[in-house]
Structures are given as structure tokens and as C-alpha cells.
2 protein chains.
Amino acid sequence: MESLSQTEENYLKAIFKISERDGDSVSNNAISMEMQTSAASVTDMIGRLSKKELVNYQKHRGVSLTDEGRQVATHLVRKHRLWEAFLVEKLSFTWDEVHDIAEQLEHIRSRVLVERLDEFLGFPRFDPHGDPIPDADGNFAVRKQVPLSELAVGDEGIVVGVQDHASSFLQYLDRVKLGLGAKVKMLEHFEYDESVKIRQSPDGELVLSKKVSQNLFVQKK
Amino acid sequence: MESLSQTEENYLKAIFKISERDGDSVSNNAISMEMQTSAASVTDMIGRLSKKELVNYQKHRGVSLTDEGRQVATHLVRKHRLWEAFLVEKLSFTWDEVHDIAEQLEHIRSRVLVERLDEFLGFPRFDPHGDPIPDADGNFAVRKQVPLSELAVGDEGIVVGVQDHASSFLQYLDRVKLGLGAKVKMLEHFEYDESVKIRQSPDGELVLSKKVSQNLFVQKK
DNA sequence: TAGCACTTTTAGATTGATCTAAAAATAAAT
DNA sequence: ATTTATTTTTAGATCAATCTAAAAGTGCTA
Ligand SMILES: [Mn+2]
Ligand SMILES: [Mn+2]
Ligand SMILES: [Mn+2]
Ligand SMILES: [Mn+2]
């Protein structure tokens, strides 16, 4: 268990992310996409991670994280999200500004630091984007949430997360006052372009494109 | 001005540190000592830093920082010390625990982050070890301080800094209640081993070895 | 001034991380 | 079941950062 390079950590995080999305076996291709590197580089790195028993790997068969690899990955996610929370809660960054800095901070090595930070923040369970912060054992809180687009007419809900983390999307949400915690009620589905009309508490009405309504998570109330 | 690797940054910081101590022209040897690397590696790196115009260099002639190199170095020191202050002030680390974590945090790249952190901490002028935190332009506060060993009998002072940052020294100081801010009065110099006896406010008396008294900075009162 | 000690540079290798181009394997389609 | 397309691996290079061993340069000392 000598310590990993940032690059190795980034690969593990990428593999974790993809396997959460697409299932346990992750293709070279998906990794090279996510990491923006050549397929050859991925093959090479997978070999190294495999030698360190962080991934299971047989040629042409895809990779999956071992328990240890998964631990490393979830710990990175934990650090990433805690730092994002720190930046927003304590240093008044906005939710569209924190990701890139957290990408760096997540590689800081100090178990104690992470636990102290967690405590300092009051043990937050979700990050500024509504994503769950795993606990020290790598367990994620689950929350029953649905894309806003799936609310039936008349349903009410609260915005609790975003699917897309692009700055432009987050800034758009700020502009239309649909940040985390916003109360919404579905008023109408338009068949034509799958846009929706919602009421946004207490008195605003808003039409949202398909893309927006599918990328916003709400909790039904 | 493409961005520097952590290694390059560490070399610049080392060169800065040595030149503060020993004068502007820094030898290969001193750097290899400070960085714990071979002289050959130093020569190699110096070549690279020179090509990037971060140091002035002619073979066998020693190196010195250019203005740009100096800027980078002082900014690293600024970040290092702000993070140390953060760890102590906000996350309740002790002064002997923070250096290694700050060695990592100092490489985080985000101008805004540094300025926000500075503000969050209330613009501290000194770090937990009493070292000055340079401002954004790289200017260090100067403070007239002397090693405790140089107080004359009867002189009073306040502990404001340490020369040696070793954990064991810092822990020793905690044990004998000689942290930053402690009030001391010189009572006696012992010629035999150059130890000293001091009064430590309000009522303690303490004998300190030469090594200790030379590594503690006080401000005369 | 000639010799010796110490410092610095060069030469040559290694390791991690990356690339492109080509070969091999797998998956999809005809 | 062949052929074709796509994915994955290999081969061979490059670049940064490091090392050891040897050569070259500086400078002190007798
Ligand atoms: Mn993020
Ligand atoms: Mn997030
Ligand atoms: Mn320090
Ligand atoms: Mn310090």
C-alpha cells in the first residue's frame, strides 16, 4: 500500500464513476473518453493498477475495481465533495466555481484532515450540487429523487440535485432561481418539444426545456 | 508562463529559502542538501528552470532567482503559511502537525482561493510558528526579534517565533509552556554550557539549554 | 605552481505517464 | 460464416524526474 500518484487516483475515480453509471465492467474506451487520453495510455495504466490489485483485469475483458480500488475511489469522492462544501460554505464560492479546485484538493493526503474538515463543516451529507458525501467507510446516502421532467402535472417537489454539473447549467439555474431547495410544482407538459411549465414558489411561472428538466433532480413532496 | 510542476515549485522554494539564509547565489550542493536529491538531479533541474527564466544560471557559478522565480517562491510561502494558519485556527491542529499537510496544500492552484482563505482567516500576518505571511506582492513583514539566548539578565520579552520547526522542538515548547505569546524574563546565563535560566510569567522558573534558547525568538519589551 | 579535495557537470539508465501508428482481438453486419 | 468495423493491445518514442558512476572544473594548500 505505498501511496498512489495523482494520475493513478484519477484513473480509479474515473473507473468508479463509469461503473456507477454503466455497470461494473468498464471498457478501455469509456475510460479513455472520461480521462481524455489515448486508449494506449489506458491499457498501460490498467496494467499498473492491476499489478497493484486495485482493479481486476484480463485482456480484452474490461476492468472492475477491487474492494481496495473502490475504497480509494470513494475516499476521493468523499474528499472532493467535502472540499466543495468547504469552498461554498466557508469561502463563499458559488456552486459553479468549485469543481476544478476540488479536483486538486481531493488529492491531499491526510486522513485526519478529512475527518477534521468533515467536523468543521458540521458533517454535511450532501455537497453543493446535491451529491451525497460518502462516509468514511465509503457508504453513500440514498435519496429518492426523480428528474423534474418526471413529475406529473400537479406534483410538487423540491430541487435537490443536478445531473449535469456544467458551469453554464449551474449559472442558468441561479439566474432562474432554481438552486437547491427551490420549491416547484409541475403545471404542464408540452408534447411538442417535451418542455414543461412549472410554478416556482411562491409566485413565478417558468417554462423549462427538456434538457433542463431532465438534468434537475427533485424530491417529491 | 505555462504552469509549473510541483517539483519545479519545490526547487524554487528551496532556492528561495537557501538564498534568504546564505545570500543570493545558491550552490548546487546546498540545493541538493535541502531537496534530498543528487547533485546531478539538481544540475538537470536548474537547466530547466533556467530555460524558463525562473533562475539565473551559468555553469559552476551558482544560481539565483529571477524576479519571476522569486514571485513564484514567495507565493508558495504565502500559501504554505496561510494553510498552516487555517489548519491551526480552524481545524484545531497543533503547530507541530501542520507542516507536512501544508507542503501539499501550497501547490493548489487558484489565486482566488488564496485570497478568500486569507480573508476567511482575518488576514493573519504571522503563521502558527510566528513566521511572517507575505502579502500578495511577496512582501514580508519584518519584526525586530532576537534569539532568547541574546536577552541580557533582567530583559523581558515575548516569544514570537521559532528558528527550528522540528516537531520534537515544538512539542517540547508546549510541554514547558513556551508557545507563541509566552512572557519571559532572563534571569541568568550559565557560562559552563551556555544554558540560561528564565522566569516564565507569572511564576515559573525554567532552565533552557543553549540549543533551545538559540532556537526561540523573542521580542524585547 | 602543482597537487588534492571538493563541487559540478556529463553520460547513460530507469521509471511513470504519455503519445502515434500498427497489429491483434472482439463484436457487428451482411 | 465471412467480411467489416470497432476496440484493445503492442511496439516504439518522448518527456520529466530521478539515479550512479565517471569526467571536468574550481579553489585551497603545501
Ligand atoms: Mn465536483
Ligand atoms: Mn459536487
Ligand atoms: Mn511549514
Ligand atoms: Mn510555518
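Quick note on labels: first sequence line is chain A, next is B, and so on, each numbered from 1. Just the heavy atoms: all of them, side chains too, but no hydrogens, waters or symmetry mates, feed the values below.
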Nucleotide [N], atom [atom2] - distance to [atom1] of [X] in whole Å:
X: Met45(A); N: dT9(D); atom1: CE; atom2: C1'; result: 16 Å
X: Glu2(A); N: dG16(C); atom1: CD; atom2: C1'; result: 13 Å
X: Ile31(A); N: dT18(C); atom1: CD1; atom2: C1'; result: 16 Å
X: Met33(A); N: dT6(D); atom1: CE; atom2: P; result: 13 Å
X: Glu9(B); N: dA16(D); atom1: CD; atom2: C1'; result: 15 Å

Think Arg143(A) forms a cation-pi with Phe217(A), using NZ or CZ under 6.0 Å from the six-ring centre and within 45 degrees of its axis?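 Because its charged atom misses either the 6.0 Å distance or the 45° angle limit, Arg143(A) does not stack over Phe217(A).
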
Kindly say if [X] contacts the phosphate of [N], meaning a side-chain N or O under 4.0 Å from OP1 or OP2.
X: Ser41(B); N: dC19(D); answer: yes
X: Ser38(A); N: dT18(C); answer: no
X: Tyr11(B); N: dA16(D); answer: no

Distances for protein N or O near nucleotides 12-14 of chain D N or O, under 3.5 Å:
none

Got a salt bridge between [X] and [Y], using NZ or NE/NH1/NH2 to carboxylate O under 4.0 Å?
X: Lys52(A); Y: Glu68(A); value: no
X: Glu150(B); Y: Lys220(B); value: no
X: Arg78(B); Y: Glu115(B); value: yes

In terms of heavy-atom contacts, does CZ of Arg70(A) have more than 12 from other residues, nucleotides or ligands at under 6.0 Å? no

For a quick check, with a 4.0 angstrom heavy-atom cut-off, what is the B/S/- contact string for nucleotides 5-10 of chain C, read 5' to 3'? --SSBB

Report the relative orientation of the aromatic rings in Phe86(B) and Phe120(B); use parallel for angles under 30°, tilted for 30 to 60°, perpendicular for over 60°. tilted

Kindly indicate, with the supporting measurements, whether the criterion side-chain contact (heavy atoms from CB on, under 4.5 Å) is fulfilled by Phe93(A) and Val112(B). CA-CA 9 Å; Phe93(A) 280 85; Val112(B) 190; 4.0 Å; yes

Within the structure provided, determine whether His75(B) and Val114(B) are in side-chain contact (heavy-atom separation under 4.5 Å). yes

Among His129(B), His165(B), His80(B), which residue satisfies the side-chain hydrogen bond (donor to acceptor under 3.5 Å, both in side chains) criterion with His99(B)? His80(B)

